[in-house]
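Following: one structure in structure tokens, then a few remarks.
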There are 2 protein chains.
Amino acid sequence: MTREKDRYHHGDLRAALLAAAEAVLTETGVEGFSLRAVAKRVGVSHAAPAHHFGDVQGVLTALAAEGFRRFLAAMQARQAAITGGDAEALLVASGLGYLDFAEASPALFRLMFSSVRPREETPELSAAARDAFGHLAADVARLRGVSPFEDSAAMEDVMAAWAMVHGVAELFISGRLKPMQTMTRAEREATVASLLKRSLARAPGGTGQR
Amino acid sequence: MTREKDRYHHGDLRAALLAAAEAVLTETGVEGFSLRAVAKRVGVSHAAPAHHFGDVQGVLTALAAEGFRRFLAAMQARQAAITGGDAEALLVASGLGYLDFAEASPALFRLMFSSVRPREETPELSAAARDAFGHLAADVARLRGVSPFEDSAAMEDVMAAWAMVHGVAELFISGRLKPMQTMTRAEREATVASLLKRSLARAPGGTGQR
DNA sequence: CGAGCATCCTGACGCTGTCAACATGATCTT
DNA sequence: AAGATCATGTTGACAGCGTCAGGATGCTCG
């Protein structure tokens with residue numbers, strides 16, 4: 001079953017390249033990302049990555065896909081940390097996991113959500129993104145007792161919660177949410193929970209859309 | 001006082017470069033942005049932009065600053081279009097203007113909010129961004145009758161409304177808000193208004209932060 | 001043991017941003 | 001009016017970039 005180390009010329013170059021790529025991404029952002037810098041960091045020739053990922057877009061696509069998987073894991077981890085929570089508490093936990101990820105890996109977060117470089121149509125990436133979205137949808141389904149895909153009001157709940165937590169995440173890692181930057185961690189989480197609950201408060205009458 | 005046209009070699013190269021830069025940005029995104037492509041589009045040598053903007057970051061910074069000014073104008077335009085609206089209707093109008101801008105200039109929107117390339121500390125850029133934020137804060141101040149900078153509950157309202165509309169904008173231009181992509185313009189605006197009103201619904205008890 | 005193949009390297013191409021040196025033309029001083 | 005000065009724009013060079021073609025290396029399996 002082919003141990004990771006001591007085989008081939010390098011070992012497991014693909015994984016090593018991905019790790020180095022994330023490091024480069026973190027240091028330089030998507031805009032300054034360089035394939036040659038990744039190769040140099042691993043100590044391999046500048047053209048080696050092409051054999052595993054095709055081109056630079058391939059590397060960024062694989063990175064984004066792995067990002068979505070870890071993103072989902074961050075939400076699940078927050079949920080696993082609470083014991084006797086109701087459906088709303090579980091949804092709030094997902095939101096906090098959402099923010100955990102964005103805060104821990106802002107460059108990766110932006111690559112996933114605000115970049116045109118990864119190939120969106122790739123099966124691996126679109127599946128990983130769909131799973132992450134599905135997690136939020138499932139949270140709302142549990143809360144409302146109905147699938148968002150069959151109930152437009154529940155779908156509006158999904159959009160509301162998602163947009164709210166995503167907006168907070170984006171603005172926060174951009175340093176534009178000044179009031180939240182000065183809070184303690186506990187204060188911040190309480191505020192985020194409060195904001196998320198707002199997003200679940202259905203307006204009287206709702207949208208009126210089908 | 002030095003007319004814009006018919007002087008120097010080109011005329012008003014700075015403005016022409018900015019216009020070309022926005023076109024290139026729209027076509028290629030931040031990641032594929034090229035200073036030489038901008039120069040070529042204007043029909044000028046590849047090093048000409050340096051005299052007006054220093055380097056590529058200077059161009060993107062100026063572009064982002066102009067973006068924030070037009071961003072503010074889009075919010076004001078929506079407000080000017082309604083006649084007898086109350087404070088909440090005015091805030092919703094700002095939100096719709098927010099989305100107008102993001103939808104009309106997604107690449108510029110991302111440059112302003114999700115890129116590390118513009119120099120944030122530049123006076124021109126930070127002032128333009130501050131004005132845009134101030135507009136939202138003023139909307140909330142009118143709605144609540146108190147300045148968000150003196151009332152933490154009102155500041156939470158600002159964060160809520162901002163995060164909500166920003167999240168909607170980001171997810172929408174990324175094509176990730178599927179249910180909203182299939183709506184008519186009127187349906188979409190009604191949904192956004194509904195979501196924005198959610199963000200203004202204070203939870204019973206609030207956050208409890210100072 | 002040797003064929004085949006996945007893996008990795010070398011060298012080249014045109015592209016990029018930035019810099020230094022030079023040309024041009026408007027403005028200001030004397 | 002003439003010359004100096006400076007903003008404006010050009011040219012050429014440099015290293016770094018992504019990508020491709022071709023060659024080297026070493027594992028795997030017949």
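From a predicted model like this one, the values you see are computed outputs, not experimental measurements.
Among residues two or more places apart in sequence or in another chain, the side chain to side chain contact (heavy atoms under 4.5 Å, CB included) test is passed with Ala16(B) by His10(B), Val42(B). Taking Ala89(A) as the reference, Ile82(A), Asp86(A) meet the side chain to side chain contact (heavy atoms under 4.5 Å, CB included) condition, with sequence neighbours excluded. Every residue meeting the side chain to side chain contact (heavy atoms under 4.5 Å, CB included) condition with Ala62(B), not counting sequence neighbours, appears here in chain and number order: Arg14(B), Leu18(B), Phe53(B). The side chain to side chain contact (heavy atoms under 4.5 Å, CB included) search around Asp151(B) returns Val146(B), Ala153(B), Ala154(B), not counting sequence neighbours. For Asp131(A), there are no side chain to side chain donor-acceptor pair (under 3.5 Å) partners, not counting sequence neighbours. With sequence neighbours excluded, no residue forms a salt bridge (charged side-chain N to carboxylate O under 4.0 Å, His left out) with Arg110(B).
Side-chain contact annotation: Gln79(A) with Ser94(A), donor-acceptor N/O pair under 3.5 Å present. If you check the side chains of Ser194(B) and Glu156(A), you find a donor sitting under 3.5 Å from an acceptor.
A tilted orientation is assigned to the rings of Phe109(B) and Phe113(B), their planes being inclined by 30° to 60°.
Contacts with DNA chain C (heavy atom under 4.0 Å) in residues 114-123 of chain B: none are found. Residues of residues 20-34 of chain A that place a heavy atom closer than 4.0 Å to DNA chain C do not occur.
Pairing analysis of DNA chain C (Watson-Crick: purine N1 to pyrimidine N3 plus N6-O4 or O6-N4; G-U wobble: N1-O2 and O6-N3; both under 3.5 Å) yields stems of 3 or more pairs at C:1-30 with D:1-30.
Rounded to whole Å, the distance from CG on Asp55(B) to P on dA15(D) is 20 Å. Following rounding to the nearest Å, Lys40(A) (NZ) and dG18(D) (C1') show an atom-to-atom distance of 14 Å. At whole-Å resolution of the value, CZ in Phe53(B) and C1' in dT8(D) are 14 Å apart. Going from atom CD of Gln57(B) over to atom P of dT16(C) covers 18 Å, rounded to whole Å. In this structure, His51(B) atom NE2 and dT18(C) atom P are separated by 13 Å, rounded to whole Å. Summarising the geometry, the separation between CG on Leu35(B) and P on dC19(C) is reported as 12 Å, rounded to the nearest angstrom. Rounding to whole angstrom units, CG of residue Leu13(A) and P of dT7(C) are separated by 9 Å.
Between Glu88(A) and Arg142(A), none of the side-chain N atoms (NZ, or NE/NH1/NH2) sits under 4.0 Å from a carboxylate O, so this pair counts as no salt bridge.
Every pair tested for side-chain hydrogen bond (donor to acceptor under 3.5 Å, both in side chains) that includes a residue from residues 43-54 of chain B fails, sequence neighbours excluded, so the list is empty. The side-chain hydrogen bond (donor to acceptor under 3.5 Å, both in side chains) analysis of residues 160-173 of chain B, with sequence neighbours excluded, yields the pairs Ser114(A)-Glu170(B), Tyr98(B)-Trp162(B), Tyr98(B)-His166(B), Ser114(B)-Glu170(B).
Between Ser174(A) and Glu120(B), every side-chain heavy-atom pair lies at or beyond the 4.5 Å cut-off.
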Identify the pairs formed between an N or O of the protein and an N or O of nucleotides 11-14 of chain D at a distance under 3.5 Å, and give each distance.
residue : atom : partner  : partner atom : Å
dG12(D) : O6   : His46(B) : NE2          : 2.8

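Set against dG17(C), dG9(D), dC9(C), the side chain of Val56(B) has dG17(C) as its closest nucleotide.
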